[in-house]
Amino acid sequence: MKKHPVTVCPEEDERFPIRTYLKRDLVHLYLPHLPIRSALRTWNEWIQLHPTLLEDLQCTGYRKSCKNLSPVQVKMIVEALGEP
């Protein structure tokens, strides 16, 4: 019996991976042209300026000083800011 190749939807392959990230790594994906300190400052401004993102993230335990972002937090960020 002949096996048929499995076709994968290209959209699934190209989607941004939702997983745990170090905050500085995710920030760098969004702002690769800035030094990390400037990028983090800009990132924090973006989070605060978004109408609901900061409050939603805080409900998951997010703090400005956190080092890691959970998959749930990353998903919220990507939905609010778009993919990096």
Pair R19-V74, side chain to side chain contact (heavy atoms under 4.5 Å, CB included): steps then yes or no: CA-CA 7 Å; R19 60 176 179 80; V74 171; over 6 Å; no
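Rounding to the nearest 0.5 angstrom, the gap separating the CG atom in L69 from the CG atom in L22 is 8.5 Å.
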Pairs under 3.5 angstrom only: tabulate donor-acceptor contacts from the side chains of residues 54-68 to other protein residues two or more places apart or in another chain.
residue	atom	partner	partner atom	Å
T60	OG1	L57	O	2.5
T60	OG1	Q73	NE2	2.9

For residues 26-47, dump all side-chain donor-acceptor pairs below 3.5 Å to protein atoms at least two apart in sequence or in another chain.
residue	atom	partner	partner atom	Å
Y30	OH	G82	O	2.5
T42	OG1	S38	O	3.0
N44	ND2	L40	O	3.1

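Evaluation of the salt bridge (charged side-chain N to carboxylate O under 4.0 Å, His left out) test over residues 68-84, restricted to residues two or more places apart or in two chains, returns K75-E79.
Across every non-hydrogen atom of P71 and I18, the tightest pair is O-CG2, 3.3 Å.
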